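None of these values were measured; they are calculated from a predicted model. We count ligands from 1, going down the list as the structure has it; atoms in each ligand are counted the same way.
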Amino acid sequence: MSILTHRDGPILRIEIHRPDKKNALTQQMYADIAAAMSAAEADHAVRVMLIHGSPEAFTAGNDLQDFLSRPPRNEDSGVMRFLRTVSGATKPLVAAVSGPAVGIGTTMLLHCDLVYAAEDAKLSLPFVNLGLCPEAASSYLLPLVAGYQRAAELLLLGEPFSADKAREIGIVTAVVPAAKLMDCAMTAARKLAERPPAALRITKQLMKRVMRAEIQEALAEEFDHFSARLESPEAKEAMTAFFEKRRPDFSRFG
Ligand code: COA
C-alpha cells in the first residue's frame, strides 16, 4: 500500500508512502486518497484531515511512467476523483510538506486550509517544462492567490522555489524547522478538531463561495488541455528525457 491512513482520535492522517519513487503518485494512489477522504467526510467522528509525505519527500508529483503508459482519459480517472474530493472537501484539510512537492504536490496545497512547510521543502510547477499545462484549477487559483506576475513566473518558467517564497506568495501558512513539521501540523489539526464542526464547515464554505464555480470550470477546461498535451510530442520528449536522464530537446517543435 502506498497510501497509509492513520486515525489519531478525530484526526485522519493520510500518508503518501512510496519511498523508492519519492512518493510519485499513480492513478491508484489518487483513487486511494480520494476514497480515504470521502470516507472521512462521511464519518462524524473525523473532524480534520491531514495529508503528508515523509521527511524526504512530500511527493514527486504524478508518476511520469503512469502518464506515459496509463494517461488519465476521463472524469472517472483516479486523479480527477482526487481533485473533485480535495476541491470539494467540507472538513478542514491540513497539509505538512517537506522535501520536493512537485506538480500536483504543490497545486493540491491551493485546496488545503492550513499548509505547514519544512524549511527544506522545495515546491515546483514544472508543467510547461514537461510539455503539459496547469491542473488542479491552479491556472485560476495561483494568479488569484499570488498575483498574475508571480503565478506566471512559477508556471511559465517552472523552476523550483523555496518554502519561504511559497509563504510570501500565500501558498503556505507557515514555514517551520523540518524536525518540528509534524508536531506543528498535528497541533493545528488538534485545535481545529476542538472547534465547533458546523461553524468550521460553514466558515470554510463561505470563504470558498465565490470561487466554487470557477474552480470546477477551471478543473474541466484544464483537464481537456492536459489530456491532449499528454499525447503531444512535446510531453513525450520531456518524459522520455527524464527517464533517460538527459535534457529534453524541444528545438524541433514549432
Ligand atoms: N514519476 C516516476 N518516477 C519518479 C518520479 C515521478 N514523478 N519522480 C521520481 N521518480 C523516481 C526516479 O525515476 C528514481 O527512480 P529510480 O531509482 O528507479 O531511477 C527515483 O524516483 C528517485 O528519484 P531521483 O530523481 O533519483 O531523486 P532526486 O532526489 O534526485 O530528485 C525529484 C527528486 C522529485 C526532484 C526528481 O525525481 C524529479 O524531478 N522527479 C520528476 C518530477 C516530475 O516531473 N513530476 C511530474 C509533475 S507533473
>> So, regarding Ala60 and ligand 1 (criterion: nitrogen or oxygen to nitrogen or oxygen, under 3.5 Å), is there a contact or not?
In response: yes

> Quick one: do Lys204 and Asp113 make a salt bridge, cutoff under 4.0 Å?
Replying inline: yes

> Starting from atom 35 (C) of ligand 1, which protein heavy atom do you reach first, and at what distance in Å?
Replying inline: Pro100 CB, 4.6 Å

>> Tell me if the CZ atom of Phe243 is crowded by more than 12 foreign heavy atoms within 6.0 Å.
In response: yes

> If you count the atoms of ligand 1 from 1 in the order shown, which ones are under 4.0 Å from a heavy atom of Leu130?
Replying inline: 44 (O), 46 (C), 47 (C), 48 (S)

> Where on Asp63 is there a heavy atom closer than 4.0 Å to ligand 1, on the side chain, on the backbone, on both, or on neither?
Replying inline: both

> Hey, is Arg7 close enough to Asp43 for a salt bridge, meaning N to O under 4.0 Å?
Replying inline: yes

>> Less than 4.0 angstrom from a charged side-chain N to a carboxylate O is my criterion; do Arg246 and Glu237 meet it?
In response: yes

> To which of Leu64, Asn23, Leu25 does the heavy atom nearest atom 2 (C) of ligand 1 belong?
Replying inline: Leu64

> Counting heavy atoms only, which of Phe226, Phe242, Phe58 is nearest atom 38 (C) of ligand 1?
Replying inline: Phe242

> So with a 6.0 Å cut-off around NZ of Lys91, is the heavy-atom count from everything else above 12?
Replying inline: yes

> So which protein heavy atom does atom 7 (N) of ligand 1 come closest to, and at what separation?
Replying inline: Asn62 O, 2.9 Å

>> Can you classify the ring geometry of His6 versus His52 as parallel (below 30°), tilted (30 to 60°) or perpendicular (above 60°)?
In response: parallel

>> Within the protein, is there a heavy atom lying under 4.0 Å from atom 32 (C) of ligand 1?
In response: no

> Strictly by modelled atom types, are Ser251 and Asp249 linked by a side-chain donor-acceptor pair under 3.5 Å?
Replying inline: yes

>> Starting from atom 27 (O) of ligand 1, what is the nearest protein heavy atom, named by residue and atom, and what distance separates them?
In response: Lys22 CE, 3.4 Å

>> Apply salt bridge (charged side-chain N to carboxylate O under 4.0 Å, His left out) to residues Arg201 and Glu41 and explain how you reach the verdict.
In response: CA-CA 11 Å; Arg201 217 166 31 244; Glu41 284 281 343; over 6 Å; no

> Side chain or backbone of Lys245 under 4.0 Å from ligand 1, or both, or neither, by non-hydrogen atoms?
Replying inline: side chain

>> If we set the cut-off at 4.0 Å for heavy atoms, which region of Ala24 has an atom near ligand 1: side chain, backbone, both, or neither?
In response: side chain

> Is the closest protein non-hydrogen atom to atom 16 (P) of ligand 1 under 4.0 Å?
Replying inline: yes

>> Could you work out, for atom 21 (O) of ligand 1, the closest of Lys21, Glu135, Arg18, Gln65 by heavy-atom distance?
In response: Lys21

> Just which atoms of ligand 1 are under 4.0 Å from any heavy atom in Asp20?
Replying inline: 20 (C), 21 (O)

>> Quick one, Glu231 with Lys236, criterion salt bridge (charged side-chain N to carboxylate O under 4.0 Å, His left out). Give me CA distance, side-chain angles, the key distance, then yes/no.
In response: CA-CA 7 Å; Glu231 309 289 341; Lys236 297 250 186 315; 3.8 Å; yes

